[in-house]
Amino acid sequence: MDYIMLVILGCAIVTFISRVIPALFIDKLNFSPKVEKFLNLIPYTALAALICPGVLTVDPQLWYIGLIGAVVAAGLAWKKVPLGAIVILTVVVLISVYSLVPFF
């Protein structure tokens, strides 16, 4: 039992250090405008990586539901809406679409 706790503690320390050191020194670094633009686009890229694998597998019978969600999320990301709002608005749109599907 002690060995497992030491491994968990060691992993936690390594993870903590690898996340804290960049946060402490990022203010002292000067990036070129291209690098800053690249870094600012990383959250949107991560969102796309989370959405894309499930776009066509959300509902096998209603395959277009995933495409609607992807289009909504991509449009909101294009307008640089905050990530939390993108997720919430996409879910609201998809719930609305799911509620309208039985009528068609």
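The analysis underlying the following values was restricted to heavy atoms, covering all of them including side chains, and did not include hydrogens, waters or symmetry mates.
In the hydrophobic clustering, where aliphatic and aromatic side chains (Ile, Leu, Val, Met, Phe, Trp, Tyr) are joined below 4.5 Å either directly or transitively, Leu24 groups with Leu9, Ile13, Phe16, Ile17, Val20, Ile21, Phe25.
Leu62 and Leu67 end up in the same hydrophobic cluster when Ile, Leu, Val, Met, Phe, Trp and Tyr side chains are linked at under 4.5 Å. No continuous path of hydrophobic side-chain contacts links Ile88 to Leu83 [ILVMFWY only; heavy atoms under 4.5 Å].
Residue pairs satisfying the side-chain hydrogen bond (donor to acceptor under 3.5 Å, both in side chains) criterion with at least one member in residues 12-26, sequence neighbours excluded, are absent. For residues 90-100, the side-chain hydrogen bond (donor to acceptor under 3.5 Å, both in side chains) pairs, not counting sequence neighbours, are Asp59-Tyr98.
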Name every donor-acceptor pair, under 3.5 Å, that has one atom in a side chain of residues 35-54 and the other anywhere in the protein, sequence neighbours excluded.
| residue | atom | partner | partner atom | Å |
| --- | --- | --- | --- | --- |
| Asn40 | ND2 | Glu36 | O | 3.2 |
| Thr45 | OG1 | Leu41 | O | 3.0 |

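Take Val97 and apply the side-chain contact (heavy atoms from CB on, under 4.5 Å) test, not counting sequence neighbours, and it matches Ile65, Ile68, Val93, Val101. Residues satisfying the side-chain contact (heavy atoms from CB on, under 4.5 Å) criterion with Val81, sequence neighbours excluded, are Leu76, Lys79, Ala85, Ile86.
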